[in-house]
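I have placed the structure first, in the form of C-alpha cells, so that the comments after it can refer back to it.
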Amino acid sequence: MNKLPGTILEARERGPGDSGGETQDRPSNRSSTHRVLRPAITLLIVLTVITGIAYPLAVTGVARALFPAQAAGSLIAKDGEPVGSKLIGQPFSDPKYFWSRPSATSPQPYNGLASGGSNLGPLNPALTEAIQARISALRAADPLNRAPIPVDLVTASASGLDPDISLAAAYYQTARIARIRHLSLHRVRGLVTAHARHPWLGVLGEPRINVLELNLALDGMK
Amino acid sequence: MTGQSLGLLTLYLAVALLCVKPLGLYIANVMEGRPIWPVRAAARLEALIYHLCGVDPAQEMGWKLYAIALLVFNALGAFLLYGLERLQYWLPLNPQHFMAVSPDSSFNTAISFVTNTNWQGYTPESTMSYLTQMAGLAVQNFLSAATGIVVAVALIRGLARHSAKAIGNFWADITRSTLYVLLPIAFVLALALVSQGVIQNFSAYKNVTMLAPVTYQQQKTDAAGNPIKDTAGNPLMENITTQNQTLPMGPIASQEAIKELGTNGGGFLNANSAHPFENPTPISNFLEMLLIIVIPASLTYTFGRMVGDTRQGWAVLGAMAILFVAQYAIANHSEQLGNPRIAALAVDQSASALQPGGNMEGKEARFGIAASTLFATITTGTSCGAVNSMHDSYTPLGGFVALFNMMLGEVVFGGVGTGLYSMLIFAIVGVFIAGLMIGRTPEYLGKKIEAFEMKMSSIAILVTPFIVLLGTALAVSTEAGQAGPPNPGAHGFSEILYAFTSAGNNNGSAFAGISVNTPFYNAALGVCMWLGRYWPIIAVLGVAGSLAAKKRIPVTAGTMPTHGPTFIILLIGTVLLVGALTFVPALALGPIVEHLTLWGR
C-alpha cells in the first residue's frame with residue numbers, strides 16, 4: 001500500500017486514547033474563517049457528488065441488472081397493455097368484483113399522485129359516518145349477507161393505495177361474487193384460497209390477498 | 001398481545017441484537033482508525049477528499065472549533081438544499097416539470113432535512129423533482145446522520161481520553177462515518193429493498209388503464225381554475241368517471257435505505273413507508289425496521305469498546321431495550337383492542353387466522369397490528385419519523401406511546417448518534433442524582449461530574465420541553481395555529497402537540513391530518529427543529545471537551561458501578577422522571593382525556 005497521508009490507514013499508528021500530535025484549540029487562529037469555510041464547502045460538494053449522484057446511479061444500474069421488473073414498478077400487463085402495478089391497489093365498486101380497502105385519497109380514491117390516509121381521529125364523528133356509509137354500500141350490494149364485516153373492509157388504509165385485503169374480507173365477499181357471476185361458491189372460495197398469502201414463518205406479514213390479481217383471475221374464469 | 005405480535009417482537013430484537021457487536025466493533029474501528037477490509041478499498045478516495053479540502057485529518061480540534069465546523073457545515077448544507085428546491089424547475093431530472101418549491105416550504109424542508117428531522121409539510125410526489133430528492137434531500141439523509149455519529153463519538157472520546165485538549169477532527173469524522181459506515185450498508189440494503197419491489201428508476205410517471213372505471217365527485221371549476229358556485233353560494237360538484245391511474249416513479253430504493261439507516265424518515269412519497277412503492281412486503285418492512293435501529297443500538301457497543309469496558313455499553317443498551325418493550329406492549333395492546341365506536345357498528349375487529357383485526361383505520365393490510373405498532377414504537381423511540389401507518393388515526397393510547405416516546409428525548413435506541421449522546425447525558429444526570437443521595441462527588445467512567453458538565457447537561461435536556469411547550473402554547477393561542485388541526489376536541493390539541501414534539505425532538509413523524517404547509521407552521525416548526533438539534537449538540541460537545549480535559553480518577557470501593565442492574569434502573573428512572581414529567585399536563589389535555597372519552601360511559 002502506498003502512503004496515504006492522514007487517512008485511516010496512517011491513523012492506525014496512533015493509539016485510541018492518544019489525541020494525536022497537534023491540536024487546534026482556538027477557533028480564533030490565523031484566518032480561521034478560511035480554515036473552516038474551505039473544507040466545509042469542498043466536503044459538502046464532494047459528499048453531494050458521492051452520496052447524491054454516484055450512489056443512486058450505482059444502485060439504479062445494479063437494480064436494473066438484477067431486478068428489472070421490481071425496479072420498474074412490478075407492472076401487470078393484460079393483452080400487452082399495462083393495467084396497473086401488482087403493488088398499487090385499484091378501486092372497485094362493481095359488485096361483480098372483489099372490493100378493495102376504502103381509500104381516503106382525494107379527489108378520487110386510489111389516486112397515485114396523492115397517497116395518504118384519512119387521518120381521522122378515533123373519536124371524530126366523520127370516521128363513524130364514513131364507516132357507516134361503507135357498511136351500507138356493502139349491505140346494499142349483498143342484502144342476504146348478515147355476517148359481521150371484517151374491519152379492514154370498512155376502514156381506510158394508510159397509503160390509500162393498499163393492494164391487499166385480509167382473507168376474512170375476501171371470504172366475506174365470495175357469496176356475492178358467486179351469485180352475480182353465476183359461479184359455484186366452492187369455485188370462488190377455491191380461487192381465494194389459491195391466491196391467499198399467509199404470514200411468513202408465522203410472524204412476518206398478515207393473512208391477505210392481492211385484490212387486483214384476484215380480480216384478474218376472476219375475469220379469467222369461465 | 002397476540003402470539004404473532006410477541007413472535008415478531010422476539011424475532012426483531014434477536015436479529016437486531018445479533019448485529020450490535022459486529023457493527024459496533026466495526027464503527028469503533030473506523031472511528032479509532034483501525035481499518036478492516038472494506039475500508040482499505042476506499043482509502044484513496046478518502047485521501048483525495050482531504051487533499052481537496054486542504055485538511056490534515058491528524059490535526060485534532062478542541063470542542064469549540066469542532067462545534068463551529070459542525071455548524072458551518074450544516075448551515076451550508078441547508079443553503080444548498082434551499083437553493084436546489086427553489087431552482088428545481090430549471091435543473092435536470094425533473095420529468096414531471098415541477099415548479100419551484102415555495103419559499104416558506106423550502107425553508108422548512110431545508111432545516112427539516114439538515115437537522116435529521118425530515119418533517120414534511122409538502123406532498124413529495126407532486127412537489128419534488130428527482131434531482132431535489134436524490135442530490136438534496138437524500139444527501140442530507142447521509143450528512144445529518146453522519147453529524148449525529150460524530151457528536152456521539154466526540155462525547156465518547158471525551159469520556160475515554162484524559163488530560164486531552166482535543167475531541168477529534170470534524171472533517172475526518174464526517175468523511176469516515178459517511179464513506180465507511182453509512183454508504184456501504186445503504187448500498188446493500190437498497191438492493192435488498194429493490195428485490196422486494198421498491199422501485200428504482202428515472203422514468204416519468206406511468207399512466208395505466210385500470211381494470212374497472214371509478215366515478216368520483218369534484219368541484220366544478222371555470223377556465224381560470226376558480227370553483228363555480230350555484231346561486232346559493234355552494235360550490236357546484238360534477239361527476240367524473242376515469243379508468244386512468246398515474247403511478248409515481250423515481251429512484252426510491254436508494255433513498256429509502258438511507259432514510260431508515262440514518263433515522264431520517266423523510267418519505268419519497270407522501271404515505272412514507274406505508275406506500276407500497278416504499279415498503280411493499282412484510283420482509284421489506286422488517287428490513288426497514290432493522291435499518292432504523294441497527295446503528296443506534298450498535299453505537300452502545302462502540303461506546304463500551306472505546307471507553308475500554310463493554311459492560312458500560314450493554315448497560316445503556318439494556319435500559320433502552322426495557323423501555324422499548326414496555327412502549328411496544330402498550331401500543332400493541334391498545335391498537336389490537338380496536339375502537340369501541342367501530343365495534344358498535346357490528347364490525348368484526350377480532351384477531352383470527354384470517355385477519356389481524358383491531359383498529360385498522362390508517363393501517364395497511366400487509367402490516368396489520370403487529371408490524372404497524374412495532375414500526376410506530378421504533379420510529380418514535382429513534383429520531384426516524386418514517387411511518388408505515390397513520391399515527392393520527394391510532395387509538396388514544398397508541399398515539400400516546402408515539403408522543404411519549406418522543407418526549408423522553410428519543411433515547412429508546414434513539415437517532416443515529418443522538419440516541420447515544422442523549423442517553424449518556426441522562427447517565428451523567430443519573431450519577432449526579434445518585435451522588436447527591438449518597439453524599440459523594442458524582443463520577444462517571446472515572447471522570448468527576450462537576451458544575452460545568454451539569455449546566456451543559458441541563459441545557460441539553462431542558463431545551464426540548466422548552467421549545468415544545470412554548471411552540472404548542474403559541475399555536476393554540478393564535479388563529480394561524482388553530483387553523484391547522486382538522487379533528488375536533490382533544491385530538492385536535494394532540495395534533496398540535498405532536499407537531500411541536502416531533503419538530504423539537506427532530507423526529508419528523510406527524511399526526512398527519514394537521515395542515516402545516518402554511519407560513520406560520522413552516523416558520524415556527526423550522527425554528528423549533530433548528531434549536532432542538534443544535535442547542536443540545538453544542539452542549540454535548542461542551543461536555544465532551546470538558547471531560548476530555550479531566551484527569552481519570554482511580555476506581556475505589558466507594559465508586560458506584562455503572563454497568564449493573566442498579567445503574568440500569570437508575571438510568572430508566574432518570575429518563576422517565578426528568579425526561580417526561582414536564583409533559584404530563586400537556587398529555588393530560590390530549591391523549592389522556594381522549595382515552596377517557598372513548599372508553600368512558
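What you see is a predicted model, and the numbers here were worked out from it, not measured in a lab. Letters A, B, ... are given to chains in the order of the sequence lines, protein chains preceding strands, and every chain is numbered from 1. Worth knowing before you read on, the calculation uses all heavy atoms, side chains too, and leaves out hydrogens, waters and symmetry mates.
- Atom CG of L127(A) and atom CD of E361(B) lie 5.0 Å apart (nearest 0.5 Å).
- Counting only heavy atoms from C-beta outward, the side chains of P56(A) and Y130(B) never approach each other to under 4.5 Å.
- There is no contact between R146(A) and chain B, counting heavy-atom distances below 4.5 Å.
- Between the side chain of Q245(B) and the main chain of Y110(A), a donor-acceptor pair closer than 3.5 Å is present.
- If you measure heavy-atom distances from I41(A) to chain B, the contacts under 4.5 Å come from both the backbone and the side chain.
- Annotation: maximal heavy-atom pairing with chain B below 4.5 Å, among A156(A), P91(A), S166(A), G205(A), occurs at A156(A).
- Within the 4.5 angstrom heavy-atom criterion, only backbone atoms of Y394(B) (N, CA, C, O) approach chain A.
- In this structure, chain B has no heavy atom under 4.5 Å from any part of D94(A).
- Contact annotation for L179(B): only side-chain heavy atoms (C-beta onward) come within less than 4.5 Å of a heavy atom of chain A.
- Comparing A158(A), G89(A), G52(A), G112(A) by how many heavy-atom pairs each has under 4.5 Å with chain B, the most go to A158(A).
- Contacts between L75(A) and chain B at a heavy-atom distance below 4.5 Å involve the side chain alone, from C-beta outward.
- One distance of note links OG1 of T123(B) with CG of L113(A); it measures 10.0 Å at 0.5 Å rounding.
- Of all the listed residues (G54(B), G489(B), S126(B)), the one sharing the greatest number of non-hydrogen pairs under 4.5 Å with chain A is G54(B).
- Looking at I369(B), only its backbone comes within 4.5 Å of chain A, counting heavy atoms on both sides.
- At least one side-chain heavy atom of H275(B) sits less than 4.5 Å from a side-chain heavy atom of I88(A).
- Using modelled atom types, one side-chain atom of S115(A) and one backbone atom of A271(B) make a donor-acceptor pair closer than 3.5 Å.
- Both the backbone and the side chain of T246(B) come within contact range of chain A, with heavy atoms under 4.5 Å apart.
- Put simply, the side chain of S157(A) never gets that close to the backbone of E364(B): no donor and acceptor are under 3.5 Å apart.
- Contact annotation: the side chain of F187(B) approaches that of V59(A) to within less than 4.5 Å [non-hydrogen atoms, C-beta and beyond].
- Residue with the most contacts toward chain A among G362(B), S494(B), G399(B): G362(B) (heavy-atom pairs, distance under 4.5 Å).
- For D162(A) (side chain) and A365(B) (main-chain N/O), a donor-acceptor pair under 3.5 Å exists by modelled atom type.
- If you measure heavy-atom distances from L345(B) to chain A, the contacts under 4.5 Å come from both the backbone and the side chain.
- For a residue to count as touching a neighbouring chain, one of its non-hydrogen atoms must lie under 4.5 Å from one of that chain's; by this rule A353(B) touches chain A with the backbone only.
- The distance from the CD atom of Q355(B) to the CD1 atom of I165(A) is 11.0 Å, given to the nearest 0.5 Å.
- Residues K78(A) and T209(B) have side chains not in contact (no heavy-atom distance under 4.5 Å, counting atoms from C-beta outward).
- Between L143(B) and L44(A) there is a side-chain heavy-atom pair separated by less than 4.5 Å.
- For chain B, the nearby parts of A58(A) are the backbone and the side chain; heavy atoms of each come within less than 4.5 Å.
- Heavy atoms of P199(A) lying under 4.5 Å from chain B belong exclusively to its side chain.
- A donor-acceptor pair is defined here as one N or O able to donate and one able to accept, closer than 3.5 Å; such a pair exists between the side chain of R101(A) and the backbone of K363(B).
- Of the possible polar contacts, none joining the Y55(A) side chain to the L183(B) backbone as a donor-acceptor pair under 3.5 Å is found.
- For K86(A), no part lies near chain B; criterion is any non-hydrogen pair under 4.5 Å.
- At a 4.5 Å heavy-atom cutoff, the contact between M134(B) and chain A is made by backbone and side-chain atoms alike.
- Taking the side chain as every heavy atom from C-beta outward, F92(A) and L211(B) approach each other to under 4.5 Å.
- Looking at E495(B), the atoms closer than 4.5 Å to chain A (heavy atoms on both sides) all sit in the side chain, from C-beta outward.
- Interface residue I49(B): only side-chain heavy atoms are found under 4.5 Å from chain A.
- Judged purely by atom type and a 3.5 angstrom limit, Q4(B) uses its side chain to pair as donor or acceptor with the backbone of V203(A).
- In this structure a side-chain-to-backbone donor-acceptor pair under 3.5 Å is present from Q70(A) to S195(B).
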Steps toward side chain to side chain donor-acceptor pair (under 3.5 Å) verdict (T242(B), Q108(A)): CA-CA 9 Å; T242(B) 178; Q108(A) 78 268 37; over 6 Å; no
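- Of the listed residues (L247(B), T215(B), N141(B)), the greatest number of heavy-atom pairs within a distance under 4.5 Å of chain A belongs to L247(B).
- Annotation: maximal heavy-atom pairing with chain A below 4.5 Å, among L598(B), V55(B), I240(B), occurs at L598(B).
- Judged by distance alone, the side chain of N487(B) and the main-chain N or O of G121(A) form a donor-acceptor pair under 3.5 Å.
- How far CG of L201(A) is from CZ of F286(B): 9.5 Å, rounded to the nearest 0.5 Å.
- Residue T42(A) holds its OG1 atom at 11.0 Å from NE2 of H51(B), rounded to the nearest 0.5 Å.
- Contact count versus chain B (heavy atoms, under 4.5 Å) is highest, among I53(A), V62(A), V49(A), for V62(A).
- Contact of N388(B) with chain A is made through the backbone alone, with heavy-atom distances under 4.5 Å.
- Of all the listed residues (T105(A), L57(A), I131(A), L66(A)), the one sharing the greatest number of non-hydrogen pairs under 4.5 Å with chain B is I131(A).
- Chain B forms more heavy-atom pairs under 4.5 Å with one residue of L167(A), T60(A), D164(A) than with any other, namely T60(A).
- Top candidate by heavy-atom pairs under 4.5 Å with chain B, chosen from A72(A), S93(A), S74(A), is A72(A).
- Heavy atoms of I135(A) lying under 4.5 Å from chain B belong exclusively to its side chain.
- Contacts between N111(A) and chain B at a heavy-atom distance below 4.5 Å are absent for every atom of the residue.
- Residue A512(B) touches chain A through both its backbone and its side chain, counting heavy-atom pairs closer than 4.5 Å.
- Partner V347(B) forms a side-chain contact (heavy atoms from CB on, under 4.5 Å) with one of V151(A), T155(A), L153(A) and no other, that one being V151(A).
- Distance check: I149(A) CD1 to Q349(B) CD gives 12.5 Å after rounding to the nearest 0.5 Å.
- Contacts between Q218(B) and chain A at a heavy-atom distance below 4.5 Å involve the side chain alone, from C-beta outward.
- Taking 4.5 Å as the limit, every side-chain heavy atom of I50(A) sits out of range of all side-chain heavy atoms of F142(B).
- Checking side-chain atoms of N339(B) against main-chain N and O of P122(A) turns up a donor-acceptor pair under 3.5 Å.
- The part of V198(B) that comes within reach of chain A is its backbone (N, CA, C, O), which places non-hydrogen atoms under 4.5 angstrom from that chain.
- Counting heavy atoms from C-beta outward, Y172(A) and D348(B) have side chains that stay 4.5 Å or more apart.
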